[in-house]
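This report refers to the structure that appears directly beneath it.
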Number of protein chains: 2
Amino acid sequence: MDAVNKMEVLKSYIETKGLKSTAQRDFIADTFFKTNTHISLDELLKKVKRKTPGIGYATVYRTMKLLTESGLAIARQFGDGQTRYENLPEDGHHDHIICIKCSKIAEFHNQKIEQLQMEAAKKLGFTVVNHKLELYGYCPDCV
Amino acid sequence: MDAVNKMEVLKSYIETKGLKSTAQRDFIADTFFKTNTHISLDELLKKVKRKTPGIGYATVYRTMKLLTESGLAIARQFGDGQTRYENLPEDGHHDHIICIKCSKIAEFHNQKIEQLQMEAAKKLGFTVVNHKLELYGYCPDCV
DNA sequence: ATAATAATGATTTTCATTTTCAATTGCAAG
DNA sequence: CTTGCAATTGAAAATGAAAATCATTATTAT
Ligand SMILES: [Mn+2]
Ligand SMILES: [Mn+2]
Ligand SMILES: [Zn+2]
Ligand SMILES: [Zn+2]
């Protein structure tokens with residue numbers, strides 16, 4: 001799904017929730033849709049302010065909250081005390097591996113792991129709704 | 001390792017770090033060593049205050065930090081905004097599955113998953129130091 | 001006993017959110 | 001095009017968990 005389609009999904013989400021469309025929200029969402037990193041609120045605010053200095057932190061915060069609940073953004077916690085947001089991945093769910101030295105983030109997906117998780121949960125009588133798998137270590141550049 | 005042995009490990013950690021032994025710290029550590037839950041600072045403080053009302057939050061905070069860096073406690077973040085501590089498990093590392101309705105926590109360990117994690121990391125050139133795997137869903141009691 | 005140094009506990013500070021609120025804006029109805 | 005009203009905005013304040021501060025107290029080696 002590209003930025004244009006995402007914007008359409010957002011529009012219809014806003015519609016069904018009885019919300020109103022605003023230029024600030026559209027611009028923040030569009031800016032976010034064009035990122036391909038795991039971006040923090042501060043980073044996104046800085047990016048947004050470059051073209052639209054008037055926009056406030058709270059509006060960025062609220063927009064990302066909206067995008068998250070509409071399923072267009074994913075909120076991630078990598079343990080540095082800051083929530084980071086990423087776009088809905090093109091190729092489905094993925095997990096992360098984070099360098100504890102330079103903070104580089106790589107992504108991976110392993111269907112076998114997902115399968116084993118489900119089995120482990122089932123063995124305990126649990127039904128899995130979602131999961132978090134993060135590996136921490138050193139990236140190739142940091143040995 | 002039982003509470004007595006843990007206390008000995010703590011003593012020698014304190015020794016090598018040139019720290020001093022205190023009644024408060026001993027009591028907090030002992031209280032923690034006897035828990036078998038994933039306890040928050042507030043919960044531990046409350047438990048400690050029952051027998052020793054004079055002890056302050058900061059001392060509990062500092063003691064758990066000490067236990068964590070000495071390897072006698074493990075700090076966990078289950079996404080509710082509160083750090084929880086658990087005792088070093090008898091049977092090695094384990095992961096968690098958390099009920100999103102009643103917050104019940106179950107533990108599991110799957111060597112195959114751990115193995116696949118290492119392989120996934122290796123494929124990306126990373127070396128894994130530690131990892132976090134949490135499953136979220138419904139426990140048997142919550143359907 | 002003394003001196004040096006670590007620990008304590010109350011309090012304050014930090015910092016990332018989250019909420020509040022008055023002013024502004026979007027939009028549907030007339 | 002107005003009007004009415006609910007939603008939105010941005011600045012500021014509030015929140016809450018974690019971390020730091022600091023005067024006082026306790027521990028330990030000498
Ligand atoms: Mn990602
Ligand atoms: Mn556990
Ligand atoms: Zn690195
Ligand atoms: Zn449950």
Side-chain angles (χ1 to χ4, degrees), chain A residues 7 10-32 38-70 73-85 103, chain B residues 10-32 38-70 73-85:
Chain A
M7 198 56 83
L10 176 58
K11 294 283 185 199
S12 65
Y13 183 80
I14 284 172
E15 173 100 26
T16 58
K17 288 282 177 178
L19 308 180
K20 289 170 181 172
S21 155
T22 72
Q24 292 95 326
R25 193 148 59 191
D26 286 356
F27 183 64
I28 294 165
D30 185 64
T31 303
F32 171 71
H38 302 82
I39 198 168
S40 69
L41 282 182
D42 281 330
E43 288 162 358
L44 183 56
L45 175 65
K46 199 195 279 181
K47 196 172 273 229
V48 160
K49 271 181 179 289
R50 283 207 276 272
K51 285 217 174 182
T52 316
I55 287 181
Y57 176 90
T59 304
V60 174
Y61 163 76
R62 286 183 287 232
T63 299
M64 289 319 296
K65 191 176 177 183
L66 187 67
L67 293 184
T68 300
E69 58 189 51
S70 70
I74 301 174
R76 304 280 190 188
Q77 300 282 341
F78 293 134
D80 66 336
Q82 283 217 281
T83 300
R84 289 174 177 282
Y85 298 87
S103 299
Chain B
L10 177 58
K11 292 286 184 198
S12 66
Y13 183 80
I14 284 173
E15 173 100 27
T16 59
K17 287 282 178 177
L19 308 180
K20 291 170 180 171
S21 151
T22 71
Q24 292 94 326
R25 193 149 59 191
D26 287 356
F27 183 64
I28 294 165
D30 185 64
T31 302
F32 170 71
H38 302 83
I39 198 167
S40 69
L41 283 182
D42 282 330
E43 289 163 357
L44 184 55
L45 176 63
K46 198 195 278 183
K47 194 172 275 224
V48 160
K49 271 183 178 289
R50 284 207 275 270
K51 285 215 173 181
T52 316
I55 287 180
Y57 173 91
T59 303
V60 174
Y61 163 76
R62 287 182 289 232
T63 298
M64 290 318 297
K65 190 177 179 183
L66 187 68
L67 293 183
T68 300
E69 61 190 47
S70 70
I74 301 174
R76 305 279 190 188
Q77 301 281 343
F78 293 135
D80 65 338
Q82 281 216 280
T83 300
R84 289 174 177 280
Y85 297 88

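All chains are named by letter (A, B, ...) in the order of the sequence lines, taking the proteins before the strands, and each is independently numbered beginning at 1. The figures here come from the full heavy-atom set of this structure, side chains too, leaving out hydrogens, waters and symmetry mates.
- To the nearest angstrom, P of dT19(C) lies 14 Å from CG of Leu41(A).
- Close to dA18(D), at under 4.0 Å from its OP1 or OP2, lies a side-chain N or O of Thr83(B).
- One distance of note links OG of Ser21(A) with CE of Met7(A); it measures 9.5 Å at 0.5 Å rounding.
- Atoms NZ and CG, on Lys49(B) and Asp42(B) in that order, are 11.0 Å from each other to the nearest 0.5 Å.
- In this structure, CD1 on Ile74(B) lies 13.5 Å from OG1 on Thr83(B), to the nearest 0.5 angstrom.
- The CD1-P distance, from Ile55(B) to dA7(C), rounds to 15 Å in whole Å.
- Taking 4.0 angstrom as the limit, Tyr61(B) places a side-chain polar atom (N or O) nearer than this to OP1 or OP2 of dA19(D).
- In this model, a side-chain donor or acceptor of Arg62(A) finds a partner on the base of dG10(D) within 3.5 Å.
- For Glu43(B) and dA17(D), the CD to C1' distance is 14 Å, given to the nearest whole Å.
- The listed nucleotides are dT17(C), dA17(D), dG10(D); the one nearest the side chain of Gln82(A) is dT17(C).
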Distances for protein N or O near nucleotides 26-30 of chain D N or O, under 3.5 Å:
{"unit_1": "dT27(D)", "atom_1": "O2", "unit_2": "Lys20(B)", "atom_2": "NZ", "d": "3.0"}

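- Of the candidates dG10(D), dG9(C), dT17(C), dG9(C) carries the atom nearest the Ala58(B) side chain, counting heavy atoms from C-beta on.
- Gln77(A) has its CD atom 10 Å from the C1' atom of dA16(C), to the nearest Å.
- Taking atom NZ on Lys65(A) and atom C1' on dT9(D), their separation rounds to 16 Å, with Å as the unit.
- Straight-line distance from the CG atom of Asp42(B) to the P atom of dG16(D): 12 Å, rounded to whole Å.
- Within the 4.5 Å cutoff, the side chain of Leu45(B) has no heavy atoms near those of the Tyr61(B) side chain.
- If you take OH on Tyr85(B) and OG1 on Thr68(B), they are separated by 5.0 Å, rounding to the nearest 0.5 Å.
- Taking CG of Leu19(A) as the start and CG of Leu10(A) as the end, the distance is 9.0 Å to the nearest 0.5 Å.
- In this structure, NZ of Lys17(B) is placed 17 Å from C1' of dT5(C), rounded to the nearest angstrom.
- If you take CD1 of Ile28(B) and C1' of dT8(C), they are 10 Å apart, rounded to a whole angstrom.
- For Glu15(A), the CD atom sits in a loose shell: 12 or fewer heavy atoms of surrounding residues, nucleotides or ligands are nearer than 6.0 Å.
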